[in-house]
Amino acid sequence: MLSDKELLHFISTENREETEGLFKSAQKVREEHFGKTVYFRGLIEFTNYCKNDCYYCGIRRSNTRLKRYRLSREQILECCRNGKRLGLRTFVLQGGEDSWFTDERLCKIVRAVRAEFPDHAITLSIGERSRKSYEALFKAGVNRYLLRHESADDKHYRAMHPPEMKLPARKECLFALKEIGFETGAGFMTGSPFQTPQSLLADLRFLAELEPRMVGIGPFIPAANTPFENHPPGDAGLTLRILALTRLLLPRVLLPATTALGTLTKDGREQALAAGANVLMPNLTPQNVRKLYSIYDNKISNNDAAESVRYLVKKIKELGYIPDCLDPADFIA
Ligand code: 5AD
């Protein structure tokens, strides 16, 4: 069991031997539980409308410069078909908090995906909703739900969000999701404005308490036209240390090597795998709207889905990992 003092030490250390030792331990723990397998999840960013106004996020409602889009049910299904062709077995439908997607509309979409893809996992990532709404979505066929808690330190949470957004409400959503039966994901950014080692410690302790199935962790990257646009980005080394610590605290957790880390540093995702991560999330969002899902600047997303899945599969095989998706090279001409 890592003490608070030890955690704070590893959060901050830049000592090379220590960090390498930490990454090695995390890698060993991951291999004990998952071997060399790397899990693939196809991401479908289906709406960039958002009623929230988070100070860090490029799709916040006050960003009036952003062109907004929403995919139709048929477009979402088309993304899923593409994902299936590429060998992916989980679809992650992610979006801003878009009130157009009432329970009725969403459940209709979920039922259509469920009917056409009975053997695929459906993950939703669409923010805070009522317990009733979560229950309806679960009943309609959603298996998993991702909701980053963003910060478990109340003061830090309030420094990144407008007053109407509240940490206790967010935590309540996460516990409700778990109770309902979703495989639940939490998470946060590293190096976000006003974050301290103490707030990161609170994040790690909260994760240990919640015991989520998945934890999304990536560096803060400034987004144009947001209150935090001039703040410096998070640090790759810090992100890797936090990933490794999360692996040690939650040995069986699914831990994505995030696009944000890949955007911040070349080979960032590969480094994340070497620090205990075991999930990759290639983007299935249609090319023509991809640039509009601009939660931060310069997001890597230029390849089409087939290309990026192929690239990631090739890359991780070279590194000695085993992709859990079917090899797209086998059935893409
Ligand atoms: N930099 C990095 N990550 C961000 N997110 C939102 N804005 C940014 C940013 N500027 C993350 C949040 C959100 C997830 C979908 O993306 O943690 O939960």
Side-chain angles (χ1 to χ4, degrees), residues 19-20 22-45 79-92 94 117 119-121 123 144 146 183 185 213-219 236-237 239-241 243-244 246-248 250-285 287 290 299-333:
T19 52
E20 276 172 13
L22 173 66
F23 300 158
K24 282 235 163 68
S25 315
Q27 202 174 133
K28 189 162 160 266
V29 170
R30 191 212 44 218
E31 276 183 26
E32 275 163 23
H33 294 279
F34 296 99
K36 285 279 185 188
T37 304
V38 172
Y39 298 88
F40 278 65
R41 310 287 187 235
L43 185 63
I44 303 167
E45 295 154 337
C79 294
C80 296
R81 289 177 196 129
N82 194 27
K84 183 179 170 180
R85 269 197 297 277
L86 295 169
L88 303 178
R89 287 191 274 244
T90 298
F91 307 129
V92 182
Q94 184 175 91
F117 305 95
D119 301 326
H120 285 65
T123 305
R144 307 178 180 151
L146 308 180
E183 291 182 29
R213 195 68 222 290
M214 188 187 247
V215 179
I217 297 170
T239 308
L240 294 169
R241 295 195 298 279
L243 283 169
T246 303
R247 169 63 64 207
L248 296 181
L250 298 169
R252 307 183 61 88
V253 81
L254 290 160
L255 204 54
T258 53
T259 308
L261 186 56
T263 300
L264 183 73
T265 318
K266 193 176 167 294
D267 294 339
R269 284 181 292 188
E270 290 83 346
Q271 289 178 46
L273 295 175
N278 63 342
V279 176
L280 288 169
M281 300 177 72
N283 201 326
L284 300 175
T285 310
Q287 288 286 356
R290 246 201 236 176
K299 189 159 149 250
I300 35 171
S301 63
N302 309 317
N303 300 337
D304 74 5
E307 234 175 85
S308 66
V309 174
R310 229 187 266 134
Y311 168 81
L312 289 172
V313 167
K314 181 168 169 275
K315 190 93 195 179
I316 66 159
K317 278 186 169 171
E318 281 167 13
L319 295 170
Y321 298 105
I322 304 160
D324 95 332
C325 69
L326 309 172
D327 191 337
D330 292 344
F331 50 99
I332 299 169

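Values below: every heavy atom of this structure, side chains too, minus hydrogens, waters and symmetry copies.
Residues forming a side-chain hydrogen bond (donor to acceptor under 3.5 Å, both in side chains) with Q27 (at least two apart in sequence, or on another chain): none. The side-chain hydrogen bond (donor to acceptor under 3.5 Å, both in side chains) test applied to R30 returns no partner, not counting sequence neighbours. Applying the side chain to side chain contact (heavy atoms under 4.5 Å, CB included) test to T90 and every residue at least two apart in sequence or in another chain returns R41, V92, A121, T123, R144. Every residue meeting the side chain to side chain contact (heavy atoms under 4.5 Å, CB included) condition with E20, not counting sequence neighbours, appears here in chain and number order: R16. The side-chain hydrogen bond (donor to acceptor under 3.5 Å, both in side chains) check on K314 picks up E318, with sequence neighbours excluded. Qualifying salt bridge (charged side-chain N to carboxylate O under 4.0 Å, His left out) partners for K266, counting only residues two or more places apart in sequence or in other chains: none. Here R81 pairs with E74, E78, E116 under the salt bridge (charged side-chain N to carboxylate O under 4.0 Å, His left out) rule; sequence neighbours left out. Under the side chain to side chain contact (heavy atoms under 4.5 Å, CB included) criterion, T37 pairs with Y39, D324, not counting sequence neighbours. For K24, there are no salt bridge (charged side-chain N to carboxylate O under 4.0 Å, His left out) partners, not counting sequence neighbours. By the side-chain hydrogen bond (donor to acceptor under 3.5 Å, both in side chains) test, E32 is found to be paired with no residue, residues two or more places apart in sequence or in another chain being considered.
Contact between G42 and L88 at its shortest, heavy atoms only, is CA-CD1, 3.6 Å. Taking each heavy atom of A244 and F23 in turn, the nearest pair found is CB-CD2, 3.9 Å. Closest of all the heavy-atom pairs between A277 and A257 is CB-N, 3.9 Å. The two residues L43 and M281 make their nearest non-hydrogen contact at CD1-CE, 4.2 Å. When all heavy atoms of N283 and A305 are compared, the closest pair comes out as O-CB, 3.5 Å. Across L243 and L255, no two heavy atoms sit closer than the pair O-CD2, 3.4 Å.
Side-chain atoms of T239 never come within 3.5 Å of backbone atoms of G218 as a donor-acceptor pair (strictly under, hydrogens ignored). The backbone N or O of R252 sits nowhere less than 3.5 Å from a side-chain atom of R213 that would complete a donor-acceptor pair. Between the H33 side chain and the V253 main chain, no donor and acceptor come within less than 3.5 Å of each other. Checking side-chain atoms of S308 against main-chain N and O of P282 turns up no donor-acceptor pair under 3.5 Å.
The OG1 atom of T246 sits 7.0 Å away from atom CG of L250, with the distance rounded to the nearest 0.5 Å. Put simply, CG on D304 and CG on L284 are 10.5 Å apart, with the number rounded to the nearest 0.5 Å. Taking OG1 from T285 and CZ from R290, the interatomic distance works out to 6.0 Å, rounded to the nearest 0.5 Å. The structure places CD of E183 at 9.5 Å from CE of M214, a figure rounded to the nearest 0.5 Å. Separation of atoms CD (Q271) and OG1 (T265) is listed at 6.0 Å; rounding is to 0.5 Å.
Pairs passing the salt bridge (Lys or Arg N to Asp or Glu O under 4.0 Å) check and including a residue from residues 269-285, sequence neighbours excluded, read E270-K315. Residue pairs meeting the salt bridge (Lys or Arg N to Asp or Glu O under 4.0 Å) criterion with at least one partner in residues 253-264, sequence neighbours excluded, do not occur; the list is empty.
Note on ring orientation: taking the six-membered ring where Trp is involved, the planes of F91 and F117 are perpendicular (angle over 60°, cut-offs 30° and 60°).
The shortest distance between side-chain heavy atoms of L254 and N278 falls below 4.5 Å. When side chains are defined from C-beta on, L240 does not count as touching T19, because their heavy atoms never get closer than 4.5 Å. Using a 4.5 Å heavy-atom threshold, the side chains of R89 and D119 count as separate. Side-chain contact between V38 and P323 is absent, with no heavy atoms from C-beta onward closer than 4.5 Å.
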Should I316 and L273 be marked as a side-chain contact (heavy atoms from CB on, under 4.5 Å) after you check the CA-CA gap, both sets of side-chain angles, and the distance that decides it?
CA-CA 9 Å; I316 66 159; L273 295 175; 3.8 Å; yes
